[in-house]
Engineer: 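Right, I'll just put the structure down here and ask away after.
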Amino acid sequence: STDDKVSMVRGVFDSVASNYDIMNDLMSLGIHRIWKRVAIQLANVRNGDQILDLAGGTGDLTTLFEKRVGKEGSIVLADINSEMLRTGRDRLIDRGLVGNIRYAQVNAECLPFEDNTFDCVCIAYGLRNITNKGAALTSIQRVLKPGGRILILEFSKPQNKLLDRAYRTYSSFWPVIGSLFTADAQSYRYLVESIDMHPDQEILLSMMTTAGLVDCKYHNVMNGICAVHTGMKPFSNASE
């Protein structure tokens, strides 16, 4: 059921919060750090922008955004999981990033922000954990300013069959390796399954269009092991 998935996802991220970066390094061969920088470039963020870093977890993207929005801009680091949020906040404070960053524990399916609030909403490696992805995309569209951009960074489907098979074989070892790092094979098993179940590039593109976003496109990274999807809120429905 939906409630079961929500509580299971919460349990997974309560468990892995302190090891989340190790986990991402493991799952992406360390390349998630480069992917995030690519995504930031595509976001086209400017000085003074208002950013929502959704499912922002440990604050990697918030750190990168902070350099670009400057003192005039602001970032909301948001996550449904309090442990992830606490880990992210502690890390950002340790890096001396205070002042223009706020924190919010939110459910992406029903964001508690005003319409037309953000210049950019970014969700990195979080969409696959949301039960109702369509509701989340619609909610994101609502809180974007007209002309504002959405940026989705997520594991996806490799375009090359051989690579796809190799990556699936590699990912089948994550629970074993994860249990060595965290004594928690079950959480890593869920993460492998969540990637397998996630919509492929084209399906996610059509879901974004259904949610009312325009100019939607995606960029495959490493042949589609990961993909960056971008879209925009149209100017025409500013009054909606």
Side-chain angles (χ1 to χ4, degrees), residues 9-108 111-113 117-130 136 140 143-144 148-155 178 181-182 187 191 194 221 226 228-230:
V9 170
R10 184 182 301 125
V12 167
F13 285 94
D14 280 348
S15 168
V16 303
S18 60
N19 293 293
Y20 189 65
D21 287 341
I22 294 172
M23 185 181 78
N24 268 342
D25 282 332
L26 175 70
M27 288 160 65
S28 71
L29 301 170
I31 300 167
H32 74 99
R33 297 168 191 276
I34 298 168
W35 294 347
K36 285 172 179 171
R37 291 181 185 278
V38 169
I40 292 281
Q41 295 296 330
L42 292 169
N44 203 18
V45 169
R46 290 184 288 271
N47 197 51
D49 278 356
Q50 315 296 307
I51 310 289
L52 173 60
D53 182 6
L54 194 53
T58 50
D60 280 5
L61 281 165
T62 290
T63 302
L64 296 171
F65 276 128
E66 200 271 344
K67 294 180 175 72
R68 286 168 168 75
V69 301
K71 293 288 173 270
E72 304 301 311
S74 70
I75 305 159
V76 177
L77 174 59
D79 205 290
I80 197 169
N81 185 280
S82 57
E83 282 302 313
M84 292 291 287
L85 210 51
R86 190 176 299 121
T87 301
R89 187 186 61 203
D90 290 349
R91 288 186 180 187
L92 291 168
I93 290 169
D94 286 348
R95 291 169 188 158
L97 300 178
V98 291
N100 61 345
I101 300 171
R102 291 180 294 134
Y103 302 90
Q105 189 171 355
V106 306
N107 182 341
L111 294 169
F113 305 109
T117 298
F118 297 102
D119 296 287
C120 178
V121 176
C122 178
I123 179 164
Y125 306 112
L127 189 62
R128 71 178 189 277
N129 299 310
I130 294 168
I140 290 169
V143 302
L144 276 171
R149 290 168 69 79
I150 181 174
L151 191 75
I152 303 166
L153 181 57
E154 192 52 90
F155 288 100
F181 278 114
T182 63
S187 290
L191 290 161
S194 71
V221 186
C226 179
V228 184
H229 281 70
T230 58

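We use all heavy atoms of the structure for the numbers below, so side chains are in, but hydrogens, waters and symmetry mates are not.
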Engineer: Could you check if a side-chain atom of Leu153 sits within less than 4.5 angstrom of a side-chain atom of Cys122, using non-hydrogen atoms only?
Structural biologist: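 The answer is no, as the side chains (C-beta and beyond) never meet within the 4.5 Å cut-off.
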Engineer: Going from CZ on Arg37 to CG on Leu64, what distance comes out if it is rounded to the nearest 0.5 angstrom?
Structural biologist: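 Rounded to the nearest 0.5 Å, the CZ-CG separation comes to 5.0 Å.
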Engineer: If every non-hydrogen atom of Val69 is compared with every non-hydrogen atom of Asn47, which pair is closest and at what distance?
Structural biologist: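 Val69 and Asn47 have their closest heavy atoms at O-OD1, 3.0 Å.
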Engineer: When you compare the side chain of Leu111 with that of Leu52, does any pair of heavy atoms fall below 4.5 Å?
Structural biologist: yes
Engineer: Out of curiosity, Asp53 CG to Tyr103 OH, how far, rounded to the nearest 0.5 Å?
Structural biologist: 10.5 Å
Engineer: How about Val38 and Leu42: do any of their side-chain heavy atoms sit closer than 4.5 Å?
Structural biologist: yes
Engineer: How about Glu66 and Ile101: do any of their side-chain heavy atoms sit closer than 4.5 Å?
Structural biologist: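 Heavy-atom side-chain distance check passes, below 4.5 Å.
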Engineer: Can you name the side-chain contact (heavy atoms from CB on, under 4.5 Å) partners of Ala108, sequence neighbours left out?
Structural biologist: Leu54, Ile130, Ala136
Engineer: Without swapping roles, check the side chain of Asp79 against the backbone of Leu85 for a donor-acceptor pair under 3.5 Å.
Structural biologist: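 Looks like no, no N/O pair under 3.5 Å.
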Engineer: To the nearest 0.5 Å, what is the distance between CD1 on Ile40 and SG on Cys120?
Structural biologist: 7.5 Å
Engineer: Grab the two heavy atoms, one from Val106 and one from Ala78, that are nearest each other, plus how far apart they are.
Structural biologist: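 Scanning both residues, the minimum pair turns out to be CG2-CB, 3.7 Å.
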Engineer: Between Glu154 and Arg128, what is the shortest heavy-atom contact and its length?
Structural biologist: OE2-NH1, 2.6 Å
Engineer: Parallel, tilted or perpendicular, judged at 30° and 60°: which one describes the rings of Phe155 and Tyr125?
Structural biologist: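 Rings of Phe155 and Tyr125: tilted, as their planes differ by 30° to 60°.
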Engineer: For residues Arg86 and Gln105, determine if any side-chain heavy atom of one lies less than 4.5 Å from a side-chain heavy atom of the other.
Structural biologist: no
Engineer: Contact between Leu151 and Val228 at the side-chain level, heavy atoms closer than 4.5 Å - yes or no?
Structural biologist: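 They are in contact (side-chain heavy atoms under 4.5 Å apart), so the answer is yes.
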Engineer: To the nearest 0.5 angstrom, please state how far the CG atom of Asn44 sits from the CZ atom of Arg149.
Structural biologist: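 If I round to the nearest 0.5 Å, the distance is 6.0 Å.
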